[in-house]
Novice: 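Please see the structure below; I have some questions.
Computed from a prediction, not measured in an experiment: that's the story for all the values here. What's counted below: heavy atoms across the whole structure, side chains too, no hydrogens, waters or symmetry copies. In what follows, every chain begins at residue 1, and chains take the letters A, B, ... in the order their sequences are listed.
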There are 2 protein chains.
Amino acid sequence: MNETKRTRVGSAEIASLIRRDIKSGELSPKERLPPERVLAENYQVARGTVREALNKLAEESLVEIRAGSGTYVTFDPSESADNVILSARPLELIDARFALEPHICRLAVLHARPNDLEEMESLLQTMENSVNDPAMFSSADTAFHSVLAETTNNNLLIWIVSQINSVRSQKEWSKMRRVILNPDTINLYNQQHRAIFTAISQREPELAAASMKEHLESARLSLTRSAST
Amino acid sequence: MNETKRTRVGSAEIASLIRRDIKSGELSPKERLPPERVLAENYQVARGTVREALNKLAEESLVEIRAGSGTYVTFDPSESADNVILSARPLELIDARFALEPHICRLAVLHARPNDLEEMESLLQTMENSVNDPAMFSSADTAFHSVLAETTNNNLLIWIVSQINSVRSQKEWSKMRRVILNPDTINLYNQQHRAIFTAISQREPELAAASMKEHLESARLSLTRSAST
DNA sequence: CCCAATTGGCTTAGTATTGGATTTAAAAGA
DNA sequence: TCTTTTAAATCCAATACTAAGCCAATTGGG
């Protein structure tokens with residue numbers, strides 16, 4: 001199938017190329033594509049082929065074709081953001097945190113300053129005093145993970161984590177917290193948070209990352225257990 | 001030699017240019033744009049075309065047009081959510097990718113289906129044929145990392161990666177790409193991409209993650225090297 | 001306070017560009 | 001061979017752009 005690469009360039013291939021540029025943001029919303037005749041020239045195909053490709057993209061609502069005017073990008077990758085965040089499922093969230101937070105711990109070890117550590121210590125104490133107050137624990141927990149991100153001094157990571165945290169403050173999630181956050185679980189989490197904090201203050205990046213992984217593993221376990229009941 | 005028939009520069013193009021300058025902060029809030037007649041001269045179009053472009057921007061609330069006075073920027077990028085993304089610095093981006101992409105590789109190993117692998121293979125071939133075409137390489141490279149994210153089936157991760165990719169399509173970055181992406185570097189990246197792909201097809205999560213880390217390490221090196229020159 | 005200069009608002013007629021659609025021929029694939 | 005797809009060349013219809021002029025609102029200097 002892919003052996004004969006050179007000869008056959010069909011409308012499907014053209015469509016894929018353009019689709020990729022739109023979805024990756026290389027072509028921004030409202031932007032006008034070059035005229036069909038020029039695209040045909042660029043891709044070295046006939047105009048009819050380009051036309052077919054553009055019509056496919058129009059059916060996918062990626063572009064809008066206006067006769068006499070041009071073809072315009074109508075897909076905004078950043079607009080689908082709210083939907084993604086609102087509809088994120090618990091296990092998706094845990095996987096995303098698995099990707100992010102261990103490495104955040106490593107970076108936190110590199111960048112942590114005394115007042116970062118003080119803030120973490122203060123939040124740890126709040127959580128340790130909230131064994132019977134799930135709501136309080138939960139807000140301090142979120143803050144703790146935010147501080148970890150802020151400690152990296154990486155605005156991109158800080159922003160990503162804040163986006164992820166906004167998922168957790170959804171309505172549906174607070175229900176779930178009430179089920180999961182019993183005193184035993186809170187105690188477990190407190191121990192794990194403490195382990196992460198200790199690893200960071202002792203400047204041990206891999207230990208910090210490993211502790212975070214263990215913590216997230218527990219969180220995943222809590223989730224699957226609560227889902228099965 | 002005048003075979004090059006310029007494609008029409010229309011109101012959509014003018015609007016895109018000005019919109020980009022506004023959103024990137026090149027034009028500050030409250031600042032007055034040059035008069036329509038001057039803009040028309042600068043862009044080498046008729047005044048009516050400039051007018052249409054400005055009216056579009058006014059509908060998007062990016063500018064305010066006051067008859068007899070002028071056209072004023074009414075959009076403040078620092079108050080926009082996209083701000084973090086627009087102002088992300090190269091090393092921040094690499095750190096974020098260090099956090100995300102190795103784990104994405106692990107998840108990709110778990111979820112990869114035959115047509116995911118086919119798509120990766122096709123992009124690898126595109127990149128391998130683009131040793132002397134940085135723009136094409138870059139677009140396929142972005143797509144490759146996007147496909148990795150899509151393979152996880154995790155919408156949250158897919159969205160995060162797409163946000164990160166949108167950073168890379170910024171103006172400043174395309175300059176940097178031209179400096180970094182010489183044939184040697186592209187060949188190196190191609191080898192590394194191939195290694196990642198092989199690890200995924202052979203279902204070796206840790207090998208895939210390690211290959212990705214190596215790839216990102218190279219990317220970081222290219223960045224620091226280009227920054228120091 | 002008024003006048004003159006500047007700036008956006010708007011109209012018109014003529015021209016150019018662009019997508020829409022059809023036809024014929026050639027090439028690729030079943 | 002027959003079917004489908006692509007190429008190439010037209011012509012058409014919709015839309016946008018140019019150019020030029022005049023009006024209306026605003027601004028700032030005298």
Novice: Look only at the side chain of A/S69 and the backbone of A/R66, and say whether a donor-acceptor pair between them is shorter than 3.5 Å.
Specialist: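 No, because the side chain of A/S69 does not come within donor-acceptor range (under 3.5 Å) of the backbone of A/R66.
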
Novice: Where the side chain of B/R47 is defined as all heavy atoms beyond and including C-beta, which of D/dC17, D/dT6, C/dC10 is the nearest nucleotide?
Specialist: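 Nearest nucleotide to the side chain: C/dC10.
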
Novice: By the 4.0 Å heavy-atom rule, please label B/G10 as base, sugar-phosphate, or nothing.
Specialist: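 Touches sugar-phosphate only.
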
Novice: N/O contacts under 3.5 Å, protein versus nucleotides 3-7 of chain C?
Specialist:
none

Novice: So do B/L93 and B/L223 actually touch side chain to side chain, heavy atoms under 4.5 Å?
Specialist: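 SC-SC contact between B/L223 and B/L93 ruled out.
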
Novice: Respond yes when some side-chain nitrogen or oxygen of A/T49 is under 4.0 Å from OP1 or OP2 of D/dA7, and no when none is.
Specialist: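 It does, given that an N or O in the side chain of A/T49 lies less than 4.0 Å from OP1 or OP2 of D/dA7.
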
Novice: Going by the angle between their ring planes, with limits at 30° and 60°, are B/H145 and B/H193 parallel, tilted or perpendicular?
Specialist: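 Perpendicular.
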
Novice: Nearest of C/dG8, C/dT17, D/dT18 to any side-chain atom of B/I65?
Specialist: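 Selected nucleotide (nearest to the side chain): C/dG8.
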
Novice: Figure out the CG/P separation between B/L33 and C/dG8, and round it to whole Å.
Specialist: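 After rounding, the gap between these two atoms is 9 Å.
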
Novice: Measure CG/A/L54 against P/C/dA21 and give the value in whole Å, please.
Specialist: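 Spelled out: CG on A/L54 to P on C/dA21 is 14 Å.
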
Novice: Taking atom P of D/dA19 as reference, at what distance in whole Å does atom CZ of B/R51 sit?
Specialist: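 About 17 Å, once rounded to whole Å.
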
Novice: Could you check whether B/E121 pairs with B/R194 (Lys NZ or Arg NE/NH1/NH2 to Asp/Glu carboxylate O, under 4.0 Å)?
Specialist: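 Salt bridge present between B/E121 and B/R194.
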
Novice: Could you give the CG-to-C1' distance, from B/L57 to C/dG8, as a whole number of Å?
Specialist: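 Answer to the nearest Å: 15 Å.
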
Novice: Check for a donor-acceptor pair, side chain of A/T151 on one end and backbone N or O of A/V147 on the other, with a separation under 3.5 Å.
Specialist: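 Present.
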
Novice: Would you indicate, yes or no, if D/dC17 has its OP1 or OP2 atom less than 4.0 angstrom from a side-chain nitrogen or oxygen of B/S11?
Specialist: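 Result: yes.
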
Novice: Rounded off to whole Å, could you give me the CG-to-P distance for the A/N55 and C/dG19 pair?
Specialist: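 Spelled out: CG on A/N55 to P on C/dG19 is 11 Å.
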
Novice: Can you tell me the distance, in whole Å, between the CD atom of A/E41 and the C1' atom of D/dA9?
Specialist: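 From A/E41 CD to D/dA9 C1': 15 Å.
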
Novice: Using 4.0 Å as the upper bound for N to carboxylate O, is an ion pair formed by A/E217 and A/R220?
Specialist: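 Between A/E217 and A/R220 there is a salt bridge, with a charged N closer than 4.0 Å to a carboxylate O.
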
Novice: Rounding to a whole Å, what distance do you find between A/L39:CG and C/dT17:P?
Specialist: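 So the CG-P distance, A/L39 to C/dT17, works out to 17 Å.
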
Novice: Can you find a heavy atom in the side chain of A/V38 that is under 4.5 Å from one in the side chain of A/P35?
Specialist: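 Yes; the side chains approach each other to less than 4.5 Å.
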
